2 protein chains.
Amino acid sequence: MPGRNQQFVLDALTRSERPMGAYELLELLRQEGLRSPLQIYRALDRLIEEGLVHRIESLSAFALCVHSECTHGRAAFAICANCGRASEVHDPALERVLRRIARRQGFRTKSATVELSGLCEACAHR
Amino acid sequence: MPGRNQQFVLDALTRSERPMGAYELLELLRQEGLRSPLQIYRALDRLIEEGLVHRIESLSAFALCVHSECTHGRAAFAICANCGRASEVHDPALERVLRRIARRQGFRTKSATVELSGLCEACAHR
DNA sequence: TTGACGAACGTGATAACATAACATAACGGA
DNA sequence: TCCGTTATGTTATGTTATCACGTTCGTCAA
Ligand SMILES: [Zn+2]
Ligand SMILES: [Zn+2]
Ligand SMILES: [Zn+2]
Ligand SMILES: [Zn+2]
């Protein structure tokens, strides 16, 4: 059901400790026979639709969802500029605040991008 | 002091109703003699450093700061998928929540990207 | 004045990210 | 089988961003 290429991409992201770019995935998956960017992007699009993968805008990269089936555009990320790891966060208080901001100006939110950039605990402590 | 090219870019963004891409700016500023992407990107980098312009990650575009001299990475945006306008929001409650999220995992935030995508009030009502 | 220096600028090439256009194969139900 | 849908493959191209290198220009001290 997932489709062959989707499974390859999903596996690669699962093995990775950090978000990966599409061309990085392509490089890795050449061994499996994937040859063109489009094959990667199509697989990513579907995985994102299914809520298994998130796109990290500030990195132009893609990360496995730590839940399974996160609805689109509801996760926040803390991204370490040093080690590259991105930790996914779900916070009801954050969602409330974002809803309030939207409501105040009559904005109908379809999806939200929340990305903190900085240093993770491990990297900050040295 | 702002530099000639920075002023051109700043003026263009001021006249624009919505965020502009770097190549869109380039196109517009050809008349002024700007010819290469780098001229645009350099000007944008400086304007961003000075807090006069924000980069909108989810659009790969750039918007004039509605305040003057917004410290880097502290603004949120509500971006209309229909008309393209991006409204800049500053919300103390949002900043508190983001600080709390960071603190919980010992994350040292350098900057935050918060972008809502959806429909603005005008566009939702028709 | 002059020359040293750094900041801003100019240009061409190239890297990195993403999609268009078109063709083919695989699958499943009428 | 026939048809429609979904997944796939390939080439070319479009869009966004940076590198490497050289030049111009203002400032300031000798
Ligand atoms: Zn998720
Ligand atoms: Zn780290
Ligand atoms: Zn601002
Ligand atoms: Zn609108």
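Sequence lines set the chain letters: A, B, ... in the order given, protein chains first and strands last, and positions in each chain run from 1. Scope of the values below: all heavy atoms of this structure, side chains included, with no hydrogens, waters or symmetry mates. Computed from a prediction, not measured in an experiment: that's the story for all the values here.
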Between [atom2] of [N] and [atom1] of [X], the distance in whole Å:
X       : N      : atom1 : atom2 : result
B:Asp45 : D:dT16 : CG    : P     : 16 Å
A:Leu44 : C:dA18 : CG    : P     : 9 Å
B:Glu57 : D:dT16 : CD    : P     : 14 Å
B:Phe8  : C:dG10 : CZ    : C1'   : 14 Å
B:Glu32 : C:dC9  : CD    : P     : 14 Å
A:Ile40 : D:dT8  : CD1   : P     : 11 Å
B:Leu59 : C:dA18 : CG    : C1'   : 15 Å
A:Phe62 : C:dA16 : CZ    : C1'   : 12 Å

Quick check for you: among D:dT10, C:dC9, D:dA17, whose closest atom lies nearest to any side-chain atom of A:Gln39?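 That would be D:dT10.
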From C:dC9, D:dA17, C:dT19, pick the nucleotide closest to the side chain of B:Asn5?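 Nearest listed nucleotide: C:dC9.
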Under 4.0 Å between a side-chain N/O of [X] and OP1 or OP2 of [N], yes or no?
X       : N      : answer
B:Arg55 : D:dT16 : no
B:Arg46 : C:dC9  : yes
A:Tyr41 : C:dA18 : yes
B:Arg35 : C:dT11 : yes

Most 5' of B:Ser36 and A:Ala61 on DNA chain C, judged by nearest nucleotide: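 Upstream on the strand: B:Ser36.
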When you measure from the side chain of [X] to the backbone of [Y], do you find a donor-acceptor pair of N or O atoms at a distance under 3.5 Å?
X        : Y       : answer
A:Arg55  : A:Ile48 : no
B:Thr14  : B:Leu10 : yes
B:Glu115 : B:Glu57 : yes
A:Gln39  : A:Ser36 : yes

What nucleic acid atoms does B:Leu38 come within less than 4.0 Å of, heavy atoms only: base, sugar-phosphate, or nothing?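 Answer is base: heavy atoms of B:Leu38 come under 4.0 Å of a base.
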With sugar-phosphate meaning primed atoms plus P, OP1 and OP2, does B:Arg42 contact a base, only sugar-phosphate, or nothing at under 4.0 Å between heavy atoms?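 Touches a base.
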Single-linkage hydrophobic cluster, 4.5 Å side-chain cutoff, B:Leu119 and B:Phe77 together: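 Hydrophobic grouping puts B:Leu119 apart from B:Phe77.
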Quick check: on DNA chain D, is the nucleotide nearest B:Gly21 upstream (toward 5') of the one nearest A:Pro37, or the reverse? Name the residue that is more 5'.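 Of the two residues, A:Pro37 wins.
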B:Tyr23 ring over D:dT15 six-membered base ring, under 5.5 Å and 30°: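 Taking the rule of under 5.5 Å and under 30°, the ring of B:Tyr23 does not stack on D:dT15.
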